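Proteins come first, then strands; the chains are lettered A, B, ... in the order of their sequence lines, and each starts at number 1. What you see is a predicted model; the values in this text were computed from it and never measured.
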Amino acid sequence: LTAISDLEVLSVEVKGKLWYLRYPIEGRTFSAEDPASYIVVATTRPETMLGDTAVVVHPEDPRFADLIGKNVVLPLTGRLIPIVGDDYVDMETGTGAMKVTPAHDFNDFEIGKRHDLGFINVLDIEGRIALANNAEFLAGLPGSADLTETLTLDGVERFKARDRVVAMLEARGLVEKIEPHPHKVPHGDRSGVVIEPFLTDQWYVDAHTLAQPAIAAVKDGRTTFVPKNWEKTYFEWMENIQPWCVSRQLWWGHQIPAWYGPDGAIFVEKSEAEAKAAAEKHYGAPAELTRDPDVLDTWFSSALWPFSTMGWPDETPELKRYYPTSVLITGFDIIFFWVARMMMMGLHFMKDKDGNPEIPFHDVYIHALVRDEKGAKMSKSKGNVIDPLSLIDEYGADAVRFTLAAMAAQGRDIKLATNRVAGYRAFATKLWNAARFAEMNGCVAAGACAPETVTTTLSRWIVVETGRTADAVSAALEAYRFNEAAAAIYKFTWGTFCDWYVELVKPVLLGDDDVAKAEARMVTAWVLEQILRLLHPFMPFVTEELWAQTAPEDQPRTTLLAHANWPAPCLNDTKAADEINLLVELVSAIRSVRAETNVPAGAQIPLQLVGGGEAIRKLVTVHGAAIKRLARISDIGLADKPPAGSAQMLIGGGLACLPLKGIIDLDAERARLEKELVKIDADVARIDAKLGNADFVARAPEEVVEEQKERREDALTRSAKVREALERLKTPA
RNA sequence: GGGCGGUUAGCUCAGCUGGUUAGAGCACCUGGUUUACACCCAGGGUGUCGGGGGUUCGAAUCCCUCACCGCCCACCA
């Protein structure tokens, strides 16, 4: 039977005062000059002294050793209250003696319970002093002039009453001193007024008992938190759980199923009819009952969610199918409020097929919390909420959703930055344009597509890369690494499909080879469709729209994209993948050299390839046209040694040379090579330092040492080639 | 006061069990009128991984400590 519900409390720093009050000791004649005749207690709320029921000192405090067990006469009331000893008291603080008001202070309440003290409520629900009809207050008080005066405080507002109590005490020489005392006072977060602890009757749930199975379920892994470190928070709370006050004085909610008989007897039943029956049995005759007007804490009702939403207590098919659920996704701030309580309730009410308590869910994914730009938690009462609707108006729902996924790294909070959202809006546009390109080139998903049977290297490459992306996205999603999943599909869509595949397939689509064209169209449509599937969880709207629009005119979609199958790899061809990836590497390298050596953008330059074997030869024979177009190369030849005065790149074990004499900015090329050389030499030096360390060679795992050796060889080779290239630049032939 | 987490590029953030050449988006710089896209294309990394100490052959990553920031819980007569 206590009070003080869990309303949101704001601690506010106030310039308070500390009043030192003298409480006369029973049987000694009070005199301000005789410290032995009284005991001094300090308080920040002097008006609560009317409800004092003890003075407490530390049991081992020598100053008060002889006083424990004696009484003091509580001023203004004449009540005799005991001096008790309790460890709670800090001997160093204040006077070492504390007044105890169990009805109006949390700690005093606990002390009151420990020492079997009275609980005298001296306030009414409006925060006024309530003494006149207060049986607890009046009980056992002898009439006196002081008491009569005190009773005139009845109905006085608490802070006015404080002044009057102090004045009355001062008039009697009972105030020793008053000190300024800045301290924190709890304020209601909505009303803004000082909160007064206050006794009321409430309903409680024995949370400690319910918590035990809920703790065990997480300890033995039946329910897992992701990320795992939140389990600590969960245990911390569950192991120190307090009785749960479930009654609320609100106008809405599940009304508490408790009925009171005429004499106050309580009947807790499932329905009014059952309560009436129980009352009739109890009284031997029908009785008039009144139902408790309180409603259940909203979290009590919410705790029933996993099963009450599916028809419980009836044994419905839904309940059978969906309890327990696979994953609960929520924010860490309601692990206590909701997760813990669903665990307790689920394990209490639900049983598996063997009759054992059944958890409500297997995984609990704790997502990041979106904070405002200053990093503060958004809250309705603070008013710092970023309205997702206005973000959506500006950037689109898909961009907002994708941003949240991309930023949802585990264990981190999100400070929502609109530039990220803008970036992902561009991504949605990019996807739309890619689909437009496909449409303009007749790439529609006509009929059955068998991507594993495609023939060209380009087709096989993109099919393989699509599969690799599907794997990456799936693995990330399964591990709840949503940001990695988002990054993987983003990178593939933009960086691989749009930037390379589309550019490489353009000649085929625009060419005359109808067989090749047909395959290219089919593959392009197929890849785009895989992208839509993989991207759908992150950008549901644009992908669903494209899914419908990219259907062949005579074959409209028969299902929503949301219901379509999830992609998986269907082709394994590392040779094709390596071949195109080498092409990509070569084109990138040429572009880089062109830019760094200030080759005019429009200039067509020749390319000479040296060494490198089969892989390099294939580049020329199979992909020559692509290289010419993408890297702006006039013609490609194979050579035995690098032509004089050329820029050189290391590619696939061979050398790619751009004979740029006359076009090239030689100084720029030299600077480029020297910059590269510095990097390589730094690498070599670092690796040498490692390998030169006997401890490293002796203690590091063999494969790590091997890897370093290989890396060293590689770096040395590159270093030598770059040096040669530099030499050739210095002595142009 | 107790507990948890953070500090990495100008900004917002990745970097999972120690071995990467420390990455992405945005911003920025250079250059682009090729028939999907300027919400674009190509190129460029601009960094003492908060400070200090330690463990280790090896630390952005593990430990200690300091500083600052944030959150949760409790609150002192």
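Not a single donor-acceptor pair under 3.5 Å links the side chain of A/Arg63 to the backbone N or O of A/Ala97. Between the side chain of A/Arg521 and the backbone N or O of A/Asn441 there is at least one donor-acceptor pair closer than 3.5 Å. Between the A/Thr95 side chain and the A/Val40 main chain, a donor and an acceptor come within less than 3.5 Å of each other. With hydrogens and angles disregarded, a donor-acceptor distance shorter than 3.5 Å links the side chain of A/Arg594 to the backbone of A/Arg632. A/Arg45 places no side-chain N or O within donor-acceptor distance of the main-chain N or O of A/Arg162, the cut-off being under 3.5 Å.
In this structure A/Tyr234 satisfies the ring-ring contact (aromatic ring centres under 6.0 Å, His included) test together with A/Phe225, sequence neighbours excluded. Checked against side chain to side chain contact (heavy atoms under 4.5 Å, CB included), A/Thr493 has the following partners two or more places apart in sequence or in another chain: A/Phe427, A/Leu431, A/Ile489, A/Ile531. Shown here are the salt bridge (charged side-chain N to carboxylate O under 4.0 Å, His left out) partners of A/Glu179, two or more places apart in sequence or in another chain: A/Lys177.
What separates CG of A/Asn433 from C1' of B/C41 is a distance of 13 Å, to the nearest Å. We find that CZ of A/Arg420 is positioned 17 Å from P of B/G10, with the value rounded to whole Å. For the pair A/Ile111 CD1 and B/A77 C1', the interatomic distance rounds to 9 Å; values are reported in whole Å. Atom CG of A/Leu431 and atom C1' of B/C39 are 13 Å apart (whole Å). If you measure from atom CG of A/Asp105 to atom C1' of B/C75, you get 10 Å, rounded to the nearest angstrom. Atom pair A/Asp688:CG and B/G58:P shows a separation of 17 Å (rounding to whole Å applied). The nearest whole Å value for the distance from the CG atom in A/Asp499 to the P atom in B/C40 is 11 Å. A/Asn441 has its CG atom 7 Å from the P atom of B/A36, to the nearest Å.
A ring pair (Phe, Tyr, Trp, His ring centres under 6.0 Å) with A/Phe482 holds for exactly one of A/Tyr365, A/Phe402, A/Phe538; it is A/Tyr365.
A residue-by-residue look at A/Met91 and A/Thr429 shows that A/Thr429 has its nearest nucleotide of RNA chain B further toward the 5' end. Of the residues near RNA chain B, A/Ala438 and A/Gly96, the one whose nearest nucleotide (by heavy atom distance) lies more toward the 5' end is A/Ala438.
A/Val41 comes within 4.0 angstrom of nothing in the nucleic acid, heavy atoms only. Residue contacts shown for A/Ala595 are limited to sugar-phosphate atoms, with no base heavy atom under 4.0 Å away.
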Produce the list of close N/O pairs, under 3.5 Å, pairing protein atoms with atoms of nucleotides 17-21 of chain B; give distances to one decimal.
from  : atom 1 : to       : atom 2 : distance (Å)
B/U21 : OP1    : A/Arg711 : NE     : 3.4
B/U21 : OP1    : A/Arg711 : NH1    : 2.8
B/U21 : OP2    : A/Arg711 : NH1    : 2.5

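B/U8 sits 14 Å from B/U46 when the C1' atoms are compared, rounded to a whole Å. Distance check on atom C1': B/G18 versus B/C37 gives 44 Å, rounded to whole Å.
Looking at the side chain of A/Thr44, the nearest of the listed nucleotides B/A36, B/G15, B/A77 is B/A77. Distance from the side chain of A/Lys506 is smallest for B/A36 among the nucleotides B/A36, B/A77, B/G32. Here the nucleotide nearest the side chain of A/Asn483, chosen from B/A14, B/A77, B/C75, is B/A14. Comparing B/U34, B/A77, B/C16 against the side chain of A/Thr43 picks out B/A77 as the nearest.
Contact check on A/Glu713 versus A/Lys709 returns no salt bridge, with no Lys/Arg side-chain nitrogen under 4.0 Å from an Asp/Glu carboxylate oxygen.
The stretch residues 486-498 of chain A comes close to RNA chain B through A/Tyr490, A/Trp494, A/Cys498, each having a heavy atom under 4.0 Å from the strand.
Within a 6.0 Å radius of CZ in A/Phe235, more than 12 heavy atoms belonging to other residues, nucleotides or ligands are found.
Applying the 3.5 Å distance criterion, the base of B/C37 shares no donor-acceptor pair with the side chain of A/Arg436. A donor-acceptor contact under 3.5 Å is not formed by the side chain of A/Lys430 with the base of B/C39.
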Checklist line | Strand RNA chain B as a dot-bracket string - pairs counted if Watson-Crick or G-U with both distances under 3.5 Å, | where the partner lies in another strand | finding: (((((((..((((.....[...)))).(((((.......))))).....(((((..]....))))))))))))....
Next item on the list: Run the numbers on A/Leu532 and A/Thr550 for side chain to side chain contact (heavy atoms under 4.5 Å, CB included), then give the verdict.
Entry: CA-CA 10 Å; A/Leu532 295 182; A/Thr550 54; 4.2 Å; yes
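Distance check, rounded to the nearest 0.5 Å: CE of A/Met49 to CG of A/Leu169 gives 5.0 Å.
Within the structure, every side-chain polar atom (N or O) of A/Ser592 is placed at least 4.0 Å from both OP1 and OP2 of B/A42.
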